[in-house]
Structures are given as structure tokens and as C-alpha cells.
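The model shown is predicted, which means the values in this text are computed figures rather than measured ones. In what follows, chains carry the letters A, B, and so on, assigned in the order in which the sequence lines appear, proteins first and then strands, with residues in each chain numbered from 1.
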There are 4 protein chains.
Amino acid sequence: MSPRADAVRNRTKVLAAADEVFAELGTDAPTDEVARRAGVGIGTVFRHFPTKEGLLAAVFQERLRQVGSEAAAMATSEDPAEAFHELFTKLIGNSRTKQALGEALTAAGIDVDDAIAPVRDEVRGAIAILLAKAQEAGGVRGDIGVDEAIALLIGASQASAAVIDISMRARTLNVFLDGLRP
Amino acid sequence: MSPRADAVRNRTKVLAAADEVFAELGTDAPTDEVARRAGVGIGTVFRHFPTKEGLLAAVFQERLRQVGSEAAAMATSEDPAEAFHELFTKLIGNSRTKQALGEALTAAGIDVDDAIAPVRDEVRGAIAILLAKAQEAGGVRGDIGVDEAIALLIGASQASAAVIDISMRARTLNVFLDGLRP
Amino acid sequence: MSPRADAVRNRTKVLAAADEVFAELGTDAPTDEVARRAGVGIGTVFRHFPTKEGLLAAVFQERLRQVGSEAAAMATSEDPAEAFHELFTKLIGNSRTKQALGEALTAAGIDVDDAIAPVRDEVRGAIAILLAKAQEAGGVRGDIGVDEAIALLIGASQASAAVIDISMRARTLNVFLDGLRP
Amino acid sequence: MSPRADAVRNRTKVLAAADEVFAELGTDAPTDEVARRAGVGIGTVFRHFPTKEGLLAAVFQERLRQVGSEAAAMATSEDPAEAFHELFTKLIGNSRTKQALGEALTAAGIDVDDAIAPVRDEVRGAIAILLAKAQEAGGVRGDIGVDEAIALLIGASQASAAVIDISMRARTLNVFLDGLRP
DNA sequence: TATGAATGAGTCTTCATTCAT
DNA sequence: CATGAATGAAGACTCATTCAT
């Protein structure tokens, strides 16, 4: 019962290190580097994630899940329109989550759809609810659905990569927000 | 007839093949594949582009240049506002150029700024002119500059990767276009 | 009931699983597979057999011992000549024991002589007795000794690997049996 | 036209080194060792034989081919019965070719039938002819076919592995030869 | 100049073995 | 004693780059 505790902790350390490494060095960073940063042996990485592709998928799922739970949390907000806008704000602003969604869905090499499948529905669901509420509240145009929202989130997150300073960020964001208005 | 002619033709073939290969297989496609599709030996590829990084840079420059000249051509349009919108339409629509700009600027591995430098100003200039005219004509909001426009172009091109069908494409595009209105 | 009882049972389970695994997957099957089939943890396998080489040696000894006791049992037969022939028949026929002897002595990687030493004499003794009786009874040519008999047993067991159907098996076997006649 | 010459020479060197290495260290000897002995870089080995399995197959084919051409050469002998016996003598005697056939067909890991297919028929054909002539000449029993002959060749080559001195070799061989008589 | 064979550093992955629980 | 997670050395294979022809 207790050896499992260590194993779980290691899995977490590896996942965190992988997220960091892939964000910093790109998805073709060597797996050794992940092990090094996690402070474990290379064998441990492969014990928890038998393929590099699997490790990448896990990292992306985790990132997606974060976006999903953020969306879910926001869906309970009393001002869903404002909350929906905030989702974009966060994606374009948070340098950690930044390329998260975009990279997660765009990432070359792994068959995105299959790898992401488990979380995909979860995230889509959360965004769908938030979007519906925001539209109902009159804060977001009614002619877009979840798929368009997701595409736009990807666009926003990628656009943010090119954004340099804060005022520029604000101006870029406004285009998205104004475009989303009814 | 001059020996140079062949060399130039080869350089062109290689560049075209590389553009195709990197678009299809991703930027870490093997250089051999480029040679194969260009119908030349590996040696020839490396003669013209001594590093893979250099080859990638050349491909990206070429892609950027295409966007630049499209922008330049549009700047002479009698309806610059419409032309500016059309730039986005093309980026989100043309599956060939699609990820071009985005990938060109985002591409991991090569130091973007340095590699792109030669064309950067050219493209920026062309877009700046088109944007200014479009704003002057009252077709585009006045609070954004070239940098924001470029960031948005990147966002649009990346968003398009997630777009599946045509009607979805239109709805996604509308958000960008409406957001750009004054 | 004694703690030793469990240990002995485990040793047996491991040995049986190893015999099965190495027969099926070859001698470079992973030790994990042995543990899995034995229904024990890897640690247990290594507790009983500190090296893979040791485990292999144990398996081979066991197989040899089986051949040895078969030979010993047959030596008491009232028709030793017939019994000696039967030894070949079994080796070429029994798909379980089939490559046993051959593999046991041929097996790459472990130093055969040293690993097998403990049982070697035992087996040689049993075969020697059976052979002597068979020769005495006039059923086997007199110009071969134990070493030749063993070499021929190996040959027969390996030849059987190439044998496909039953009638072919019989025809191949006859060559050995006729060759052994005085 | 000339660069090919070097390539062919290298292919040959690699194949020779591989035959040597696999004979000496077994089929799971590291590929690096083959490269080292061939005096080439590891990349060269893989350029000529893209998989280790492929390299092994090539080695085995080569070995088989040698047996095949030996059989073919013998088929033209004026005394085919004697020639057939000589085939066994060579297999049990030549320490270089020794385990050749046996290992070639037995080798764990690679799917023997498929890898060997190209040469299989060639070798079978050569042996079939020699066998038929030997039988016709009354030197070999009539109730065996090619398949049995091959199985016996395998048996003989493996038996030879256990043979220590020359007189023992002769005695073992006699069993095969006498067994093959009509 | 073009060619493509050669090179070897770098990557992923496996597996025997150890050791904390 | 048993367990199975951790370890890291070793092996197969890839690919950017060089260079003899």
C-alpha cells in the first residue's frame, strides 16, 4: 500500500518535468532530459509511460484537463459572459498555459485525436456549457458553437506566442473579444 | 545553358520539395525525403543549403515572402478594407498556405527572429501599408498596429488547423473579421 | 506450514514457469514473463535464482535430469535394445521435451559445461548403463560410447525441429534407428 | 559506376564480419561488433542491412547458399552415393560451416521460413537432385525425401557441436551414414 | 557540380538486477 | 520472505553532415 505512494509521487514528478521540458525545449526534447529534471532514472520514466508518444499524450491530456476545469469552474460564475471572455484572456496571458491548448491539439507526430480522446469530450463539454450560458446571457454571439470556440481558443493561444508586451496583448485580445460579441 | 542555370533550377526544385515535405511530414522530416522528392542527391541539397536549419529558414522565408507579396498586391486594391479582410480569408482558407505563416514564425528549433530577419521587414512593410490604407478607408479599427495584425494573422492561420468544414470556417472567420471592424 | 514450505513451492512454480517460457519464447525471454507466469513478483524469481544465467542453468539441469531419469527407468526394462530406441523415439516425438536436450547443451550465452556439471555425470551414467545393456542385448552397434550416444541424441532432438508431419517423423527416426543397429 | 564498387566491397565486408561475429558470439551479438570487425561505421552496416533481422537473414541465406552450391557441385560427381555421404561428412567436420545449416534454420527470433524463402528452394532443389541420384545409384535408402534429408543434415550439424575429437566424429558420422544405406 | 555511400553522435527502448517497503 | 518500483547500462536504429568519386 505504501510503495504505491512513492510510485504515484514519481509519476507526478515525471509528468510535471515532462510538461516543463516539452514546453521549454519542444516536443522532441530527449526523454533523458525529462528524467534528469524529474530526478529519476530513465527507466522510471518508461515504466510509467512506456512510449514517448504516451508521455506526450499524457502531458497534453493534463494540459487540456486544466483548460477544461478552468472552463468548468467558470461556468458556475454569476456572469458567464464575462467568464467566457476571461477564458480567452487567460489563454492569451498566462505564459505557462499559453501554448498549451494549441500545442496539445496541433502537436506533430502523435495522432492527436486518438491520444486526446479521453479528455476531449470532457473539455468540449465544459466549454460547451460555458459558451451556452454566455450566449444565453447575451454576452457572446449566437452563431458559433463549441467547435468554433475551440478553434478560436487555439488561435488566441497561438497568437499570444507572437505577442511581446502587455499593451500589445490587450489590443490583440480586444479583437477576439469584440469579434465574439453578439 | 550556363552551368549556373542548372544550379538555380536545382535550388528551386529543392526549395519546392522542402516546402512540400515540411508541410506534409512536419519540420523534422528527414532531409533525404526532400532530396528524393526534388529528384536530386542528398549532396545537392546540402550544397545549396549547408544546414537543415538553413533549409528550414529558406522555406519559411519563402512562405513569408508569399504572404508579403500578397499583401503588397492587395495594397493597390481600390478597396483596401475589403482586401485586408481577404488576407485573413485566404489564410484561414487556403490549406496550402494555411499553417505557413504560423509555422514559419512558431517553428521550434530554429531561432525565428534571426532566420527570418531578411524578409521580416519586407513583410511587415507590406502589411503595414495595407493595414494603414484599410484603417484610413474606415474598414479596420484604428487601435491596432502591424504587430497586432501579424499576431492575429498567426492566430487565424493556426485556428484554421482546427477547422473542419466550410460553414465552420466561415463562422470562425467572421469572428476575426467582426473583431477587426472599427 | 513451515515458512520453508512456501519457499519450496515458489521455487518449483518459478522453475516450471521458466521452463515453459524459455521453451516458448526462447532463452532471451524477459525474466518478468517468468515471474508473471509463475504468479510471483520479480523479486521472488531473483531470490531463488540470483542470476538469469542461474535460472537458465537450473531449467536445463531439470530438463537433463528428466532425460536422465527416463534413461534410468528404461535401463530396468526387460528389452534394453528396444528401450534405447525408444529414447530416440521420444526425443524426436515429444514436442515438449523436444529441443530440451539440444537446447540444454547448445544454449548460447551460458558456459554449458560448468552450468551443467552437477547433472552431467548423472545423465551420462544413466545413458551409459542403458547403452551398455542395449549393446549387450545385441540391439545396438558396439562401436559407439556414451559420448557418441549423447551427440546423436542431440542430433535427433534438433532434427525433430525440422520435422513437420508424423510420417516424416517416422522416416527420419528410422535413419537413426537403423544407423544404431549392429 | 565506381562508387558502387566500394559499396559492394563494403557490403561484402559487413556480411563476412557478421557471419564471423554471429558464429562466434551467437545471434544476439551487438551490431556494433559487426561494424567494428568489418572496419566500418555502424551507419554503414544499417545502410546495407536496415534491420538486424535482415542482416541475420542475409548471413543465413549466404550460409545456406554455400551448402546448396556444395550439394549442386556434388550432384555432378560420377559417384553420387559417395557424394551424398560426403555432404554429411563435411557438415559434421567443417568447423566453419558446422552449425551453419542448423543455426540458419533453427535461429530463434527471426521468422525462418520467410527470411530464408529466396534460397530455400534453391537449396532444396540441389539436395533433391543429389539425393535422387544417390538413391538411383543404390547408395541411399529409397524411403526418404528431401525434407527428411534436410532434417537429418540439421541433426548431423547439431550433433557435431557435441563432438570433441576426431575418432568420435567418425563414429558418430558412421551412424548417420549406415542409417542412410538402403 | 552532382552524387550517394560513409560516418557516428544521439534517441528510444528493454531488461537484468537491486532495494525500500 | 515477497513485492514491484527504480535503476542505468546496453542495444537497435535514425539522420544531419562530410567527402571520395
*Between B:L55 (CG) and F:dT17 (P), how many Å, whole number?*
10 Å
*asked:* Can you tell me which nucleotide in E:dC12, E:dT3, F:dG4 comes closest to the side chain of A:R47?
replied: F:dG4
*Let me know the distance between CD of B:E33 and C1' of F:dT14, rounded to the nearest Å.*
14 Å
_Quick check against the 3.5 Å criterion: does A:R65 have a side-chain atom that pairs as donor or acceptor with the backbone of A:E122?_
no
*Name the closest nucleotide to the D:F46 side chain, picking from F:dT18, F:dT7, F:dA12.*
F:dA12
*Taking the side chain of A:V40 as its heavy atoms from C-beta onward, which of E:dA6, F:dT7, F:dA6 lies nearest to it?*
F:dT7
*For B:K13 and E:dT1, what is the distance between atoms NZ and C1' respectively, to the nearest whole Å?*
13 Å
*Side chains of D:V119 and D:F60: does their closest heavy-atom pair fall under 4.5 Å?*
no
*OP1 or OP2 of E:dA16 sitting under 4.0 Å from any side-chain N/O of C:T31?*
yes
_Listed nucleotide nearest any side-chain atom of D:I42, set E:dG4, E:dA16, E:dA9_ = E:dA9
*asked:* Any heavy-atom pair between the side chains of D:L55 and D:V14 that's under 4.5 Å?
replied: yes
*Output yes when at least one side-chain N/O atom of A:T44 is less than 4.0 Å from OP1 or OP2 of F:dA5, else no.*
no
*asked:* Checking base pairs now: Watson-Crick or wobble, both atom distances under 3.5 Å. What partners E:dT14?
replied: F:dA9
*Does B:K52 reach the main-chain N or O of B:T27 with its side chain, forming a donor-acceptor pair under 3.5 Å?*
yes
*Interatomic distance where CG belongs to A:L56 and P belongs to E:dC12 [whole Å]*: 10 Å
_Test side chain to side chain contact (heavy atoms under 4.5 Å, CB included) on B:D19 and B:E62; report intermediate values, then the result._
CA-CA 9 Å; B:D19 182 88; B:E62 196 53 33; 5.8 Å; no
_From C-beta outward on C:H48, which listed nucleotide comes closest to its side chain: F:dA16, F:dA6, F:dA2?_
F:dA2
*Return the nucleotide paired to F:dA20: Watson-Crick means purine N1 to pyrimidine N3 with N6-O4 or O6-N4, wobble means G-U with N1-O2 and O6-N3, both under 3.5 Å.*
E:dT3
_Closest nucleotide among F:dA6, E:dA16, E:dT13 to the A:N10 side chain_ = F:dA6
*asked:* Judged by each residue's nearest nucleotide on DNA chain E, which is more toward the 5′ side, A:T51 or C:G43?
replied: A:T51
